[in-house]
Amino acid sequence: MREQYDIAVIGGGLAGSVTALAAAAEGWRVAFIAPQPPRQDGRTTALLSESIDLLTRLGIWEDIRPVSAPLRTMRILDGTTRLFRSPPVSFRSSEIDLDAFGYNIPNQPLFDVLQAATRGSDLVDRFESPMLEAEQSEDLVRLALEDGTEITALAALAADGRGSKMRDAIGIRVKTWSYPQTALVLNFSHTIGHADTSTEFHTERGPFTQVPLPGKRSSLVWAVKPEEADGILALPRDELNAEVESRMRSILGAVQVEGDVQAWPLSSLIAESFGKGRTMLVGETGHAFPPIGAQGLNLGLRDIMQAIQAIIDAGGPHNAPQSVRAFNRRRRVDVTSRTAGVDLLNRTLLSSFLPVQALRAGGLAALSAIPPLRLLAMREGMTPGWRKNRSGTATPRF
């Protein structure tokens, strides 16, 4: 069996699902190679306003909004016991004339809504069999699936994650590195309201970050040493509740951890190129780093927006090589700067070198004391200045 499409999207996760819908929104016929994920995702994702705008245009946002919580204040507190400690720093969305920086969204409900949308699209054909092989020619991308299905497309968008088969098949190498950290991920209820505030404690082991959920509930990303993770996972629930409350300094009152706690080793990845031939890399296929500063999926959604825009600017999927070259140029600065920034911030938390600790503390003190610098940091964190068009927005016209 052989089918031909305008766009092939490889990868059925959050980034792949959004990619398939964004391509279909242009009227392109999409082959969506989307094997089911191996496990439920208990994490949440803080999507900034630019990403929320994309979900709105794709008709997704109103379905996911009821389980999401606005982020109106982002606060950094120094939770270390080091000689050089930084003052508290708060970033408020009202300072840059926004109602909220974005929303914190549970991954699993978002995934479920995206799955329903892709299944309901007349322009998206889903294939749940994994990709087996891929090759590119001057004119087409050819994909062979494990069930024997063969697919050809004018262009491909690879969103199949860190271990991407598509990226390997087209010969794009990656640089990877790991950290001596494991992220524990959980949700919890609390007795004091969070006031739409996310609090990130900087500790010697990495970030301990609380992010609001609807009501008196929050999600937590807790970086620990790998050898500590099993001990924390084995704690009786009442002891775990007490540990989380203590590390939160009781700012949200008594804590009750909900459901299971998941553990995710922390590592980073960046591709040597974000596209080749007729294929572009989006999401964690091209870059991945620790969950700091709400950059991960937001950066992936910017990949998607610019990939679609590059195809539009080139005149359509039949001109894919031209769009791939433009996409690679446009994404380089944004991706490399965000990856380097997150890596640097994480390493300064782990470093015992006093000058490094002083530099981190001094930088945060400057953000706290100098309003114009803080405003610049907030605006650049939301939307990189080099990507804005004349209207001041960064979203493509699709």
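Checked by atom type and distance alone, the side chain of S121 never pairs as donor or acceptor with a backbone atom of T118 at under 3.5 Å. For K216 (side chain) and T191 (main-chain N/O), a donor-acceptor pair under 3.5 Å exists by modelled atom type. Checked by atom type and distance alone, the side chain of S323 pairs as donor or acceptor with a backbone atom of A320 at under 3.5 Å. With hydrogens and angles disregarded, no donor-acceptor distance shorter than 3.5 Å links the side chain of D6 to the backbone of P317. A donor-acceptor pair under 3.5 Å is formed between the side chain of K276 and the backbone N or O of I170. Without hydrogens or angle criteria, T279 side chain to G275 main chain gives no donor-acceptor distance under 3.5 Å. In this structure, E228 contributes its side chain and K225 its backbone to a donor-acceptor pair below 3.5 Å.
Ionic pairing of R331 and D303 is present here: one or more N-O contacts between side-chain nitrogen and carboxylate oxygen are shorter than 4.0 angstrom. One finds no salt bridge joining D160 and R167 here, because no Lys/Arg side-chain nitrogen approaches an Asp/Glu carboxylate oxygen to under 4.0 Å.
S93 and R72 are not linked by any side-chain donor-acceptor pair at a separation below 3.5 angstrom, with hydrogens and angles left out of the test. Side-chain contact, T149 with D147: a donor N or O sits under 3.5 Å from an acceptor N or O. Using modelled atom types and a 3.5 Å distance limit, the side chains of D112 and Q108 yield a donor-acceptor pair. For the residue pair S51/Y103, the side-chain donor-acceptor check at 3.5 Å is not satisfied. When only modelled atom types and interatomic distance are considered, S267 and R162 share a side-chain donor-acceptor pair under 3.5 Å.
How far CD of E272 is from CG of N328: 10.0 Å, rounded to the nearest 0.5 Å. The distance from the CD atom of E146 to the CD atom of E133 is 10.5 Å, given to the nearest 0.5 Å. Residue T203 holds its OG1 atom at 7.0 Å from CZ of R247, rounded to the nearest 0.5 Å. The distance from atom CG of L145 to atom CD1 of I10, rounded to the nearest 0.5 Å, is 9.5 Å. Atom CD1 in I7 sits 5.5 Å away from atom CG in L157 (nearest 0.5 Å). Between the CG atom in L297 and the CD1 atom in I304 there is a gap of 7.5 Å [rounded to 0.5 Å].
Counting heavy atoms from C-beta on, the side chains of Q181 and P207 come closer than 4.5 Å. Taking 4.5 Å as the limit, some side-chain heavy atom of P212 sits within range of a side-chain heavy atom of Q210. Considering only heavy atoms from C-beta on, F101 comes within 4.5 Å of I96 through its side chain. Residues L14 and F111 have side chains in contact (heavy-atom distance under 4.5 Å, counting atoms from C-beta outward). T285 has its side chain out of reach of M166: every pair of non-hydrogen atoms, C-beta onward, lies at least 4.5 Å apart. Residues P88 and R75 have side chains not in contact (no heavy-atom distance under 4.5 Å, counting atoms from C-beta outward). Side-chain atoms of D53 and R57, non-hydrogen and from C-beta on, do get closer than 4.5 Å to each other. Contact of the L213 side chain with the N104 side chain is registered, since non-hydrogen atoms from C-beta on lie closer than 4.5 Å.
When each of F201, F208, F188 is tested with W222 by the rule ring pair (Phe, Tyr, Trp, His ring centres under 6.0 Å), just one qualifies, namely F208.
Linking Ile, Leu, Val, Met, Phe, Trp and Tyr residues whenever their side-chain heavy atoms come within less than 4.5 Å leaves L140 and F32 in two separate clusters. Hydrophobic clustering places I232 together with V255 (ILVMFWY residues linked when any side-chain heavy atoms are closer than 4.5 Å, directly or through intermediates). F127 and L154 are not part of a single hydrophobic cluster, where members link through side-chain heavy atoms under 4.5 Å apart. Transitive grouping of hydrophobic side chains (ILVMFWY, heavy atoms separated by less than 4.5 Å) keeps L58 and L123 in distinct clusters. Residues V324 and V335 are members of one and the same hydrophobic cluster, defined by side-chain heavy-atom contacts under 4.5 angstrom among Ile, Leu, Val, Met, Phe, Trp and Tyr.
Within a 6.0 Å radius of CG in D122, no more than 12 heavy atoms belonging to other residues, nucleotides or ligands are found. Enclosure of atom CD in E138 is not indicated, since only 12 or fewer non-hydrogen atoms of other residues, nucleotides or ligands lie within 6.0 angstrom.
Considering every non-hydrogen atom in both L55 and L47, the closest pair reads CD1-CD1, 3.7 Å. For the pair I60 and A117, the tightest heavy-atom approach, listed with the atom from each and the gap, is CD1-CB, 3.6 Å. Residues H194 and S218 come closest through the heavy atom pair CD2-OG, 3.8 Å. Closest heavy-atom contact between A34 and G12: CB-CA, 3.6 Å. Summarising the geometry of S273 relative to L281, their closest heavy-atom pair is O-CD1, 3.5 Å, with the distance given to 0.1 Å. The minimum heavy-atom distance linking R302 with E50 is given by the pair CD-OE1, 3.2 Å.
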### Task
Determine, stepwise, if the pair Q36 / E128 fulfils side chain to side chain contact (heavy atoms under 4.5 Å, CB included).
CA-CA 7 Å; Q36 289 299 309; E128 295 192 358; 3.4 Å; yes
### Steps toward side chain to side chain contact (heavy atoms under 4.5 Å, CB included) verdict (N187, T44)
CA-CA 9 Å; N187 296 333; T44 65; 4.0 Å; yes
### Task
Test L252 against T199 for side chain to side chain contact (heavy atoms under 4.5 Å, CB included), laying out the working first.
CA-CA 11 Å; L252 295 178; T199 302; over 6 Å; no
#### Entry: Candidate pair E245 and H190, rule side chain to side chain contact (heavy atoms under 4.5 Å, CB included), full reasoning
CA-CA 9 Å; E245 180 182 345; H190 37 83; over 6 Å; no
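Here D260 pairs with nothing under the side chain to side chain contact (heavy atoms under 4.5 Å, CB included) rule; sequence neighbours left out.
Other residues sharing the hydrophobic cluster of V174, ordered by chain and number and joined by side-chain separations under 4.5 Å: L269.
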